[in-house]
Undergrad: 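Starting off with a structure, shown below.
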Amino acid sequence: MAAAPGDARPMARRRLRITGTVQGVGFRPHLHRLARSLSLTGTAGNDDQGVWCEIQGRRADLDEFEALVSAEAPPLARVDSVRSADVPTVEGERDFSLSPSTPGSDTVTGTVPPDVAACPACLAEVADPGGRRYRYAFTCCTDCGPRYTVVRSLPYDRERTSMAGFELCEACEAEYRDPADRRHHAQAVCCADCGPELSLESVSGEPFAGDPISEAAALLREGRIVAVKGLGGYQLACRADDSAAVARMRRRKHREEKPFALLVASIAAAGELVQLDDLAERALSGPEAPIVLAPRRESAAVAAEVAPDTRLLGVMLPATPMHTLLAAETGLTLVCTSGNRSDEPIVTDDARVGTELGDIADAVLRHDRVIERRADDSVGHVVHGGFQLLRRARGYAPGTVRLDRDGPVVLAVGAELKSTVCLALGADAHLSVHLGDLEHPAALGAFETAVADMLELTRATPELLVHDLHPEYLSTKFAASADLAPRLGVQHHHAHLASCLTDAGFRGPAIGVMFDGMGWGTDGTLWGGEILVGDAGGYERFAHLRPVPMPGGTAAIRQPWRMAMAHLHEAFGPDVPAMPSLAAHEEHISAVLDQCRPGQSILTTSIGRLFDSMAALCGVALAATYEGQAAIRFEQVAGPDVRRYPVEISGGTPAVIEFSPLVEAVVSDLLTGQPPELIAGAFHRWVSDAAVAASRQARESTGISAVALSGGVFQNRRLTELLVPDLEQAGFEILRHRQVPPNDGGIALGQAAVGRATLANRG
Ligand SMILES: [Zn+2]
Ligand SMILES: [Zn+2]
C-alpha cells in the first residue's frame, strides 16, 4: 500500500477531523475502503467529537480522499464539517488501520446515532435457511440495527453499549475485523451463537416450550395479547382483525378511543390497508421505520375498534428482524402499540413487565439485551407534498437539527404535552425523544432522566435554561427548582415560531400563523389563535382570535360543548339560540352561561378550542377522552368546502379576528338542517381564509412575505392542504416543519433558538 521503496514522489500526511452523524453509521470502514482504493496509509478512530483520521500518500491522492470523504459518505451518515491540517509524515507505515476509540472529558459534540431498521441484506440472511443467521432476530450490520437504544455512553463502541456483555464468537469476530465485510466494525454485530436470545414467557415468568417466535405467533393467531420487547421499549400486539382482542386491549390498557398502530410485513401488505402515495411509501420503508398515517381502504380487514375516530390508519413496517419474523409467521396485520397503561411512558425494564403489563398481556416475548434508552415508535403523515412528523422518537431521535451558527450551550425543557427537551450545543440542536405528557407522574420521571441523560452524554454545562411561561407546567416548575443555569421564560407561540424558522433553516423575520391548542400568553390569557411577526430574537403580536371565556377552565377542554356555549354567548349574548346538539346538557346551560360573564373564567384566543366548539355544535364530539379528539373527528367529518363563511378582522394593535359572523352562519346552517359534513368543510375553509387575510394585513404593514406555520392545529391535514396553496397563490413564501412536529413536540427546539438569540442580543 505504501509508496514503493525508492519512489521519489513527495509524500505528505494530513490529519482530518470529521463532525456530524459519523459514529455508528459505518464511517470508519468507509475511510478504510477509501484509503485502500487510493493507496494511502494511515489510521482512523472515533472520539467524543466525531471521527478523526490521518492519511499519508501523494498530495493529489490526499486531496481526492478529502473530497470523497463526504461525497461518498455512507447512506446513514451526515457530514457537517471536514477540517484538515498537514502533519509530519510517519516513517515505515505500511497500511491503513483503525484505532480504538478515545473517550475524553471535554464536551462531547459527537452525536448518538438513531436506531436503524433492518436493511434488505440482513433480512435476506434472516430468510436464508442455508445461512448462519437464518431466523436470527438480532441480525444487523453497519447499515442497520440498534444504536441509540443500546448506547450507554459515547464514543459509540460496543464496550459502551448493552452489547458489551455478548462476547463475539469466532465467525462474528472475523466479520467485525474484515475491512471488506459488511459487518466491519458494526458495533452490535452478533449471531445465534454469541448474541441475545429470545424467549417466550407467561406474565409470571414461566417459559413456553418451543420456538419463541412460532409460539408467540400461535398465541397471536388465537386472539391473545403478547407483550413484545422492541427496540426502545415493550410493545403490545394482538391481531387487528379481531374485534374482541382489540377491545380487550383497549379495556386493559385504559385507552378508550385513541387510535392503535398496525404492524404489517411489507409495503404490499400496507397497501392493502391504506392508500399510499410515493412519499408515504418512502417514509414507511425508510431506515427510521415510522408509523405512517394514511387513508384507510374500505376493504381493510381491520376491526373498527382500532381507530374509532378517524378514517386514517397508522401502519408501520418491521423495525427489527424479530418484528419481521413475527409479522411473517402470523401472516396477519397486528395491532402494535406502546407497552404502557394509558399514556404513561412505555415500559423498558424487564423487571417491571409483570407489574406494569401483567394484567394487559397474556404472554411476553422478551430477550436478554438491555434497553438502555426509551424510544416510542415515531409517527408522521404526508401533507401537501412532504412527510411531516407528529411524534419524533425511534429512528429520528436523537438525531440533531442543524442550527445556522455556533453559540453558547442552551438547555430548553419544552412544554407539557408531547414533551421533549433540547440542548443547543455548537451548531447542533440535540433533541430528546418524545417523552409523553408530563401531567403523568411517570412521564415526569422520564423527563428528568432525559435532561440528566442529555447533559451526561454530551458533558455540556448550559449557560441558559429556557422554559415555558405557563406557571403550572411541570417543566416550568422543574426549571425553577433545578439549579442548572440562569433561566429564561419564553412565550409558547414565540417558541412555536422560532421552532418553525429553525426547522426550515430560515433566519427570519417571518409572519407566524400560530394555530394551537393553548399556550400561556403574556397578558394572563391563554393564547392559541395568533398571528405573530418576528424571529427567534423577538416578536410582535400582530393579530389574534377574539378572546372568549373557557367556562369551567380545563373542564372546557374535556367537554367541548362548554366551549360551544362560550362562543354562542359571545356571538348572541345571554339569549343563546337553543341548539339541538347541546340539548343533552340543557340542565347545565345556565350555570355555564354564568361562567361566561366577564371575570368568571380565564380567557382564550385558541383556534383549537374553536375547533372543539364547532365539533360540539355539529354534534360530532360533545366530550373528549384525549387531547385533540374533537378536532380530529371534525377533520374526518369535513366534506368538500362548497361554502364560505365570512372572515372579519377588526383593526387595532393587535388586530382581532372576529368569530361571531362565523358562529352566526354556522348556527343558521345547523338550524336549517345543513349536514355536519358541509359545515365542517366550510369551517376548515374559514380557518384557512382567516389565516390568509391576517397574513395579507401583516405583509401590508411590515413588508414581510414569509409565513411560518406552526402549532398543534397544523397536525390537521385538511387545513394545511387548503392553506398552503392559498398562501402560495397570494405570493407568500411558506415555511413549514420538516424535522420536528408542528405540535408541542417542537417547542423545545424553538425555546433553544430563542435562548440563543437572547444571549446574542445581550452581547
Ligand atoms: Zn443490515
Ligand atoms: Zn456470533
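Excluded from the calculations below are hydrogen atoms, water molecules and symmetry mates; all remaining heavy atoms, backbone and side chain alike, are included. Counting starts at 1 for both ligands and their atoms, in listed order.
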Undergrad: Taking only residues two or more places apart in sequence, or in another chain, which ones meet Ser81 in a side-chain hydrogen bond (donor to acceptor under 3.5 Å, both in side chains)?
TA: Thr19
Undergrad: Any idea how Tyr396 and Phe387 line up, ring-wise: parallel (<30°), tilted (30 to 60°), or perpendicular (>60°)?
TA: parallel
Undergrad: Run through the protein N/O/S atoms less than 2.8 Å from the Zn ion (ligand 1) and write them out by chain and number.
TA: Cys119 SG, Cys122 SG, Cys141 SG, Cys144 SG
Undergrad: Restricting to non-hydrogen atoms, name the atom on Cys422 and the atom on Ala429 that form the minimum distance, rounded to 0.1 Å.
TA: SG-CB, 3.9 Å
Undergrad: Tell me how many protein N, O or S atoms are within a distance shorter than 2.8 Å of the Zn ion (ligand 2).
TA: 4
Undergrad: Donor-acceptor pairs under 3.5 angstrom involving side-chain atoms of residues 163-174: please list them, not counting sequence neighbours.
TA:
unit_1, atom_1, unit_2, atom_2, d
Glu173, OE2, Arg177, NE, 2.9
Glu173, OE2, Arg177, NH2, 3.0

Undergrad: Working to the nearest 0.5 Å, report the span between CG of Asp211 and CG of Leu198.
TA: 8.0 Å
Undergrad: Judged by modelled atom types alone, do Gln187 and Tyr176 share a side-chain donor-acceptor pair under 3.5 Å?
TA: yes
Undergrad: Any donor-acceptor pair under 3.5 Å linking the side-chain atoms of Glu329 with those of Ser214?
TA: yes
Undergrad: Take Arg132 and Asp193, measure what salt bridge (Lys or Arg N to Asp or Glu O under 4.0 Å) needs, and give me the verdict at the end.
TA: CA-CA 9 Å; Arg132 69 185 197 90; Asp193 289 337; 5.2 Å; no
Undergrad: How far apart are the C-alpha atoms of Asp428 and Arg402, what are their side-chain angles, what is the distance that settles it, and do they pass the salt bridge (Lys or Arg N to Asp or Glu O under 4.0 Å) test?
TA: CA-CA 5 Å; Asp428 284 314; Arg402 261 328 245 176; 3.1 Å; yes
